[in-house]
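Structure first, then comments.
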Amino acid sequence: MTKRTILLQFDSDPHASVFDAVVAVDAGVDQLLQYSELEPMEVRDLVHGAMFTRGPQDLYNTAIFIGGSNVSAGEELLKQVRACFFGPMRVSVLLDANGANTTAAAAVLAAARHVALRGATAVVLAGTGPVGQRAARLLARQGAKVRVASRSLDKAKAVCAAIQKLVAGTELTPVETKTQPETSAAIEGAQLVIAAGAAGIELMSAEVRAASKSLQVAIDLNAVPPAGIAGIDVMDKAKERDGPVCYGAIGIGGTKMKIHRAAIQQLFTANNLVLDAEEVFAIGQELPA
Ligand code: NAP
């Protein structure tokens with residue numbers, strides 16, 4: 001008898017994300033088990049409950065989704081989950097805390113539709129947050145030369161160093177962008193910019209964007225007015241504005257949702273998958289444009 005699919009939703013917030021629950025249901029999960037305010041020390045018993053009930057041959061029907069708004073907390077939960085596995089006794093797991101992996105993957109995939117990423121120069125504004133760091137990492141993996149921008153040069157340097165450890169031989173440059181002239185200098189000669197700033201923060205003025213001669217793609221992930229890149233509409237999806245092709249947060253959101261659903265479905269194809277930024281990006285690459 002085919003086993004029903006069961007997804008354990010691990011979430012560090014007081015209420016497990018409704019958004020993630022709806023995506024799980026829409027992805028076809030039969031039974032969703034939700035755990036909120038989850039602490040790392042509580043993970044082991046839950047994972048054991050998932051690992052030791054069905055035989056190894058049936059474990060691909062049980063999987064774990066790690067969400068929650070705090071990405072560091074999600075990463076710690078993933079570490080604890082992985083530590084529980086041994087031999088064939090494991091279930092597949094997807095990390096998408098705060099939508100960081102699916103959003104970064106969708107942004108980089110959107111860019112790749114317009115620019116050959118290998119050898120391109122890409123700038124990630126506010127590249128120090130969870131989404132920006134992942135976007136920078138994925139761009140580096142695709143062979144882009146990446147400038148990581150931040151209000152703090154030290155923060156940008158730390159992100160570059162962390163990515164360098166994961167992606168050998170990549171060209172990463174930390175840049176400080178406290179002012180519009182600095183932002184203008186940061187995008188000089190770049191083909192792609194992704195604005196990954198906090199909600200409701202303008203990072204680039206319309207003048208700076210319009211003055212750029214090199215930008216081919218500009219992507220703004222902030223959905224809350226004012227836009228992260230002034231002049232980009234939240235609904236923009238491959239919309240040309242004064243030269244570059246532009247995407248707004250909702251323009252990226254459709255692809256993000258498709259990737260999220262496909263990643264949940266992929267969890268139930270094997271019992272040994274760990275889907276983090278790179279794996280989620282690879283799932284996006286397989287989806288029809
Ligand atoms: P975040 O952690 O809240 O912020 C990212 C970076 O923004 C911070 O590291 C900081 O960089 C910069 N920042 C914060 N406050 C600022 C301020 N007052 N002025 C200038 N810069 C400031 O963001 P995130 O969670 O990575 O998410 C990035 C964006 O993606 C957000 O706008 C979020 O809403 C959006 N998002 C969109 C989707 C979607 O489906 N479209 C899904 C998830 C997230 P520095 O300190 O280094 O300057």
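Note that ligands are numbered from 1 as they come in the structure, with each ligand's atoms numbered from 1 the same way.
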Original post:
A223 to ligand 1: N or O pair under 3.5 Å?
Top reply: no

**OP:** Tell me which protein heavy atom sits closest to atom 34 (O) of ligand 1, plus the residue, atom name and distance to 0.1 Å.
**Re:** A199 CB, 4.1 Å

**OP:** Could you tell me the residue and atom name of the protein heavy atom closest to atom 31 (C) of ligand 1, and the distance to it rounded to 0.1 Å?
**Re:** G197 O, 3.0 Å

Original post:
Can a non-hydrogen atom of I252 be found less than 4.0 Å from any atom of ligand 1?
Top reply: no

**OP:** State whether a side-chain donor-acceptor pair under 3.5 Å links S69 with D13.
**Re:** yes

Subject >> Close-contact set for ligand 1 against G129 heavy atoms, below 4.0 Å >> reply: 2 (O), 5 (C), 9 (O), 26 (O)

**OP:** Please confirm whether A196 comes under 4.0 Å of ligand 1, counting heavy atoms of the residue only.
**Re:** yes

**OP:** For atom 37 (C) of ligand 1, grab the closest protein heavy atom and report residue, atom and distance to one decimal in Å.
**Re:** L221 O, 3.3 Å

Original post:
How about D276 and N101: does a side-chain donor come under 3.5 Å of a side-chain acceptor?
Top reply: yes

**OP:** Starting from atom 44 (C) of ligand 1, locate the nearest protein heavy atom and write down its residue, its atom name and how far away it is, to 0.1 Å.
**Re:** V131 CG2, 4.0 Å

Original post:
For R151, is at least one N or O under 3.5 Å away from an N or O on ligand 1?
Top reply: yes

Original post:
Under 3.5 Å between some N or O of ligand 1 and some N or O of S152?
Top reply: no

**OP:** Provide the number and element of each atom of ligand 1 under 4.0 Å from a heavy atom of S150.
**Re:** 45 (P), 47 (O), 48 (O)

**OP:** Flag yes if more than 12 heavy atoms outside Y60 fall under 6.0 Å of its OH atom; otherwise flag no.
**Re:** no

Original post:
Do the two ring centres, one from Y247 and one from H114, sit under 6.0 Å apart?
Top reply: yes

**OP:** Check whether more than 12 heavy atoms from other residues, nucleotides or ligands sit under 6.0 Å from atom CD of E286, and answer yes or no.
**Re:** no

Original post:
Would the number of heavy atoms belonging to other residues, nucleotides or ligands and lying under 6.0 Å from CD of Q180 be above 12?
Top reply: yes

Original post:
Do we see a donor-acceptor contact under 3.5 Å between the side chains of Q216 and Q191?
Top reply: no

Original post:
Numbering the atoms of ligand 1 from 1, which are under 4.0 Å from a heavy atom of K256?
Top reply: 40 (O)

**OP:** Go through the side-chain N and O atoms of N61 and R54 and say whether any donor and acceptor fall under 3.5 Å apart.
**Re:** no

Original post:
What part of T103 sits under 4.0 Å from ligand 1 if we count only heavy atoms: the side chain, the backbone, both or neither?
Top reply: side chain

Subject >> Protein contact to atom 46 (O) of ligand 1 [nearest heavy atom, distance to 0.1 Å] >> reply: K155 NZ, 2.5 Å

Original post:
Is there a donor in the side chain of K145 and an acceptor in the side chain of T121, or the other way round, less than 3.5 Å apart?
Top reply: no

Original post:
Who gets closest to atom 6 (C) of ligand 1 by heavy atom: A126, G127, A149, A227?
Top reply: A126

**OP:** Give, for atom CD1 of I64 and atom CG of L77, the distance between the pair rounded to the nearest 0.5 Å.
**Re:** 10.0 Å

**OP:** May I ask you to check whether over 12 heavy atoms, not counting those of R113, lie within 6.0 Å of atom CZ?
**Re:** yes

Original post:
Mind checking whether Y35 and F10 have parallel, tilted or perpendicular rings, split at 30° and 60°?
Top reply: perpendicular

Subject >> Shortest reach to atom 2 (O) of ligand 1 by a heavy atom, considering only A107, S69, A198, P130 >> reply: P130

**OP:** For ligand 1, indicate whether the residue T128 contacts it via side chain, backbone, both or neither (heavy-atom separation under 4.0 Å).
**Re:** both

Original post:
Are any of the N/O atoms in A249 less than 3.5 Å from those in ligand 1?
Top reply: yes

**OP:** Could you tell me whether N98 approaches ligand 1 through its side chain, its backbone, both or neither, with non-hydrogen atoms closer than 4.0 Å?
**Re:** both

Original post:
Please state which protein non-hydrogen atom is closest to atom 18 (N) of ligand 1 and give its distance, to 0.1 Å?
Top reply: I201 CD1, 3.4 Å

